[in-house]
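The figures here come from the full heavy-atom set of this structure, side chains too, leaving out hydrogens, waters and symmetry mates.
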Amino acid sequence: YPGPYMDMLESQESIVDAARLRPKFSIKLPVLADDAAVRLREGLDAPELGGSSMATGRHADLTVARSDRTVWSPRLTVRIEDAPGGSTLRCRFSPRPDVWTGFMFVYFVMVFLVVFGATLGYVQQVSNEAAWGYWGVPVGLLVIALIHLAGYVGQRLAARQMRELRGRLERVLARQFGVAPDPDRG
């Protein structure tokens, strides 16, 4: 492989994308996916990097140290994929699984409310009854908007921790692949 991989960290997306409930970014590596996975696991095992991490196969999870975790604390999930000329790390920030499950449960219940309310309202309307079922549509849409707002607020509250997780990943990559982290990011 060519000397230090100075052009290795090519990120396609910013650290926080307000339009996404689960922001993501990717990093290209000039080594094969299996080799990258082994090096990443070895790097995550280093105790001086702090925080918590778990890696198996071509997947890794980086989390905030237990003492610093809050409801809005993020986790960084890394998936290593084969790519032309090496491999790509697909990285995604997300809330804790229990928080994400709660968000998705409420989201799907509200989608059901919108569809059910529209259907019920239509049936009531064509039956010449009071079409109160239509009220489910704006209520469901309002709650969905509030879910997105809560995700946005949570990202803002967790921005420091997201930068720390990404910085930890970049320190692992610097240590394992011999490249300095990009000072312009995160």
Side-chain angles (χ1 to χ4, degrees), residues 5 8-83 85-108 147-148 150-186:
Y5 308 122
M8 176 170 81
L9 297 174
E10 294 181 27
S11 176
Q12 278 90 31
E13 298 188 35
S14 66
I15 191 163
V16 176
D17 181 0
R20 296 183 184 270
L21 286 177
R22 295 172 46 196
K24 64 183 181 176
F25 63 96
S26 60
I27 298 172
K28 294 183 181 185
L29 299 175
V31 297
L32 297 175
D34 289 333
D35 185 34
V38 169
R39 289 190 195 186
L40 184 63
R41 275 195 306 274
E42 290 171 354
L44 289 174
D45 288 340
E48 64 271 12
L49 290 173
S52 302
S53 62
M54 179 182 73
T56 181
R58 290 185 177 188
H59 300 272
D61 277 327
L62 286 77
T63 58
V64 176
R66 190 173 296 277
S67 60
D68 295 332
R69 286 185 199 157
T70 61
V71 172
W72 56 81
S73 288
R75 68 186 308 126
L76 178 58
T77 302
V78 180
R79 189 178 74 238
I80 304 167
E81 299 176 350
D82 291 315
S87 58
T88 300
L89 301 182
R90 303 277 182 207
C91 308
R92 181 181 298 272
F93 289 104
S94 62
R96 293 188 335 240
D98 56 329
V99 172
W100 182 247
T101 301
F103 262 82
M104 294 314 323
F105 175 76
V106 172
Y107 192 89
F108 286 121
I147 288 172
H148 283 275
Y152 179 77
V153 170
Q155 284 180 16
R156 295 300 170 241
L157 292 172
R160 180 186 56 79
Q161 291 177 333
M162 291 170 78
R163 283 192 298 274
E164 288 173 8
L165 289 175
R166 180 153 182 180
R168 204 160 86 215
L169 175 63
E170 289 181 349
R171 286 193 303 279
V172 167
L173 295 176
R175 178 184 200 150
Q176 296 303 108
F177 297 93
V179 64
D182 186 349
D184 295 332
R185 243 191 343 252

Salt bridge (charged side-chain N to carboxylate O under 4.0 Å, His left out) partners for Arg160, two or more places apart: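 Residues passing salt bridge (charged side-chain N to carboxylate O under 4.0 Å, His left out) with Arg160: Glu164.
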Would a distance-only check, ignoring hydrogens and angles, find a side-chain to backbone donor-acceptor pair under 3.5 Å from [X] to [Y]?
{"X": "Arg171", "Y": "Gly43", "value": "no"}
{"X": "Arg39", "Y": "Val172", "value": "no"}
{"X": "Arg96", "Y": "Thr70", "value": "yes"}

Checking [X] now: which residues fulfil side chain to side chain donor-acceptor pair (under 3.5 Å) with it, not counting sequence neighbours?
{"X": "Gln161", "result": "Ser73"}
{"X": "Glu42", "result": "none"}
{"X": "Thr101", "result": "none"}

Could you label the plane-to-plane angle of the Tyr107 and His148 rings as parallel, tilted or perpendicular, counting under 30° as parallel and over 60° as perpendicular?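 Ring orientation of Tyr107 relative to His148: perpendicular.
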Are Arg166 and Phe93 packed together at the side-chain level, in the sense that at least one heavy-atom pair is separated by less than 4.5 angstrom? yes
Are Glu81 and Ser26 close enough that some pair of their side-chain heavy atoms sits under 4.5 Å apart?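 In short, these two side chains do not touch, never coming nearer than 4.5 Å.
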Quick check for you: to the nearest 0.5 Å, what is the distance between [X] atom [atom1] and [Y] atom [atom2]?
{"X": "Arg41", "Y": "Thr56", "atom1": "CZ", "atom2": "OG1", "result": "7.0 Å"}
{"X": "Asp45", "Y": "Leu40", "atom1": "CG", "atom2": "CG", "result": "9.5 Å"}
{"X": "Leu29", "Y": "Leu173", "atom1": "CG", "atom2": "CG", "result": "6.0 Å"}
{"X": "Met162", "Y": "Leu157", "atom1": "CE", "atom2": "CG", "result": "11.5 Å"}

What residues form a side chain to side chain contact (heavy atoms under 4.5 Å, CB included) with Ala33, not counting sequence neighbours? Arg58, Ile80, Asp82, Ser87
Distance-minimising heavy-atom pair for Phe103 and Gly151: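 Between these two residues, the closest heavy atoms are CE2-N, 4.1 Å.
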Taking all non-hydrogen atoms of both residues into account, name the closest pair between Trp100 and Pro95 and its distance.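 Taking Trp100 first and Pro95 second, the nearest heavy atoms are CE3-CG, 3.7 Å.
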Partner of Val78 under side-chain contact (heavy atoms from CB on, under 4.5 Å), picked from Leu62, Ile27, Leu165, is Leu62
Sequence neighbours excluded - salt bridge (Lys or Arg N to Asp or Glu O under 4.0 Å) pairs with any residue from residues 67-76: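 Listed once each, the pairs are Asp61-Arg75.
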